[in-house]
Structures are given as structure tokens and as C-alpha cells.
Amino acid sequence: MGNIYWESFRTFFKIGMFTLGGGYAMIPIIEADVVDKHHWVSKEEFLDLIAIAQSCPGVFAINISIFIGYKLRKVGGAIACALGTALPSFLIILAIAMFFHQFEDNPIVAAMFRGIRPAVVALIAVPTFNLARSAKISWTNCWIPIAGALAIWLLGVSPIFIILAAGLGGWLYGTFIKPTI
């Protein structure tokens with residue numbers, strides 16, 4: 001298998017280098033490498049790690065890479081995976097910052113950025129639907145995330161209150177309503 005530190009760094013560097021759209025767009029690529037190819041975590045563990053990474057402060061992709069790295073080789077693995085995830089973005093942003101003033105008013109560059117936006121939306125939407133399917137969100141209970149999103153967007157409700165309400169609702173459902181198996 002080789003050096004797990006180098007392998008995990010290389011895996012997350014590749015993911016960070018070739019994924020546009022941020023952490024949520026990385027989910028299917030991370031899953032393909034970490035769950036399907038390397039078998040570092042199971043599908044169930046991966047879903048749990050996504051939930052934890054979303055609820056922790058910080059960048060989603062860094063959070064999930066730290067959790068996977070820590071599972072592999074504790075602190076050293078966490079550092080290797082986090083560096084692998086963050087380094088490509090850092091280098092790309094550094095290069096863009098050095099040269100952006102030379103092409104910021106270029107209409108071709110502006111058109112490219114306008115063209116990338118819809119693709120990024122799709123890159124985020126697909127893993128969202130796949131996660132919903134994996135989490136067994138169906139048409140009968142899809143009103144919960146929709147209501148939460150609308151409360152945040154239209155009513156300005158703090159996402160913290162939505163998370164707390166969803167947690168309380170899940171606990172109440174699991175404790176009093178859902179039949180035990």
C-alpha cells in the first residue's frame with residue numbers, strides 16, 4: 001500500500017486540484033476515492049463524516065479531510081490530508097492574485113466566469129440529491145430541508161436555530177414516534 005501519509009496527501013491534493021465549486025462539489029470525488037477506491041471509510045462512516053463536517057466551523061473540505069486523516073493515522077494523517085486539500089487552492093489563489101490585475105477587465109475572462117457559474121450549481125446540486133437519497137430523504141419528508149432553507153432565506157432565521165430545531169425534532173421523533181425495531 002505504500003506510505004499512507006503520502007497516499008492520503010496525494011489523494012486529497014488531487015481532489016483539491018481538480019474540483020471546482022468548493023467542498024460540496026468535492027463530495028462525490030472524495031467518496032469515490034476514500035470509500036470506493038481506497039476503502040479508508042465505509043459508506044455509512046462517510047455519511048456521518050459529512051454530517052459532522054457540515055456542523056463544524058470551518059471549510060467543509062478541510063473538515064472532512066481532517067476527519068478522514070485522523071481516522072487513518074491520528075494527528076499525522078489529519079495534517080497530511082488537510083495540507084493535501086488546502087495546498088492546491090492556496091497555490092491557485094496565490095497565482096491568480098499575482099496576475100489578476102492583468103486580466104480582470106478582459107471580457108473573455110468575465111464570460112468564462114459567467115459560464116462556470118451554472119456548472120458549479122450543478123456540481124453542488126448532484127451531491128445534494130445523492131446525499132438526500134443516501135440519508136433516505138423522500139418526498140414525504142423533503143419538506144423539512146425545504147422549510148429550513150426557506151426559513152433561513154425568506155425569514156432570516158439563524159441557521160443555528162434551524163439546526164437546533166431539526167436536532168430536537170429528530171430526537172422527539174426517534175424517542176416518541178418512530179417504532180423501535
Side-chain angles (χ1 to χ4, degrees), residues 8 11-12 15-16 18-75 77-86 89 116-181:
S8 60
T11 297
F12 279 97
I15 291 167
F18 296 106
T19 307
L20 299 174
Y24 296 104
M26 292 178 170
I27 291 173
I29 298 170
I30 294 171
E31 181 179 3
D33 275 343
V34 170
V35 176
D36 301 332
K37 181 179 176 185
H38 294 293
H39 306 288
W40 289 335
V41 296
S42 69
K43 176 78 169 174
E44 294 76 23
E45 288 175 309
F46 185 71
L47 289 172
D48 291 341
L49 290 174
I50 289 172
I52 294 168
Q54 287 175 328
S55 61
C56 291
V59 179
F60 172 78
I62 299 289
N63 288 346
I64 199 161
S65 69
I66 288 171
F67 295 143
I68 291 168
Y70 190 82
K71 183 181 185 305
L72 291 174
R73 289 290 188 266
K74 304 296 182 208
V75 174
I79 291 170
C81 290
L83 284 175
T85 304
S89 297
I116 288 173
R117 285 184 193 137
V120 170
V121 170
L123 286 171
I124 293 171
V126 169
T128 300
F129 291 120
N130 289 339
L131 286 173
R133 190 176 317 120
S134 296
K136 297 180 178 48
I137 295 177
S138 65
W139 289 110
T140 56
N141 60 0
C142 72
W143 65 270
I144 299 168
I146 292 171
L150 289 174
I152 293 167
W153 181 48
L154 294 175
L155 304 176
V157 176
S158 171
I160 294 170
F161 293 127
I162 300 297
I163 292 169
L164 292 173
L168 177 64
W171 177 77
L172 290 171
Y173 176 78
T175 304
F176 299 110
I177 298 171
K178 184 179 178 186
T180 57
I181 295 175

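One-based numbering along the sequence shown.
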Derivation of the side chain to side chain contact (heavy atoms under 4.5 Å, CB included) call for Ile68 and Leu49: CA-CA 8 Å; Ile68 291 168; Leu49 290 174; 3.6 Å; yes

Shortest non-hydrogen contact between Asp36 and Ala32, atoms and distance: CB-O, 3.3 Å

Should the heavy atoms of other residues, nucleotides or ligands under 6.0 Å from CG of Leu154 be counted, would the total exceed 12? yes

Relative to each other, are the rings of Phe176 and Trp171 parallel, tilted or perpendicular (30° and 60° limits)? perpendicular

Heavy-atom check, side chain of Leu155 versus side chain of Leu150, under 4.5 Å: no

Take Ile30 and Ile50, measure what side chain to side chain contact (heavy atoms under 4.5 Å, CB included) needs, and give me the verdict at the end. CA-CA 11 Å; Ile30 294 171; Ile50 289 172; over 6 Å; no

With rounding to the nearest 0.5 angstrom, report the OG to CD1 distance, Ser8 to Ile79. 11.0 Å

Under 3.5 Å, side chain of Ser65 to main-chain N/O of Ile62, donor-acceptor pair present? yes

Hey, mind stepping through Leu83 and Phe12 against side chain to side chain contact (heavy atoms under 4.5 Å, CB included) and telling me if it holds? CA-CA 8 Å; Leu83 284 175; Phe12 279 97; over 6 Å; no

How long is the span from the CZ atom in Arg73 to the SG atom in Cys81, to the nearest 0.5 Å? 11.0 Å

Between OG1 on residue Thr85 and CG on residue Asn63, distance to nearest 0.5 Å: 10.0 Å

Can you check whether Ile64 reaches Ile27 side chain to side chain, under 4.5 Å on heavy atoms? no

Asp33 side chain near Trp40 side chain, heavy-atom distance below 4.5 Å: no

Quick check: closest heavy atoms across Ala151 and Ile162, and the distance to 0.1 Å? CB-CD1, 3.8 Å

Donor-acceptor check, side chain of His39 to backbone of Val35, threshold 3.5 angstrom: yes or no? yes

Close side-chain approach of Cys56 to Phe67, heavy-atom, < 4.5 Å: yes

First locate atom CD1 of Ile163, then atom CD1 of Ile152, and finally report the distance between them rounded to the nearest 0.5 Å. 7.5 Å

First locate atom SG of Cys142, then atom CD1 of Ile137, and finally report the distance between them rounded to the nearest 0.5 Å. 8.5 Å

Scanning both residues in full, the closest heavy-atom pair of Ala61 with Met26 reads CB-SD, 3.3 Å

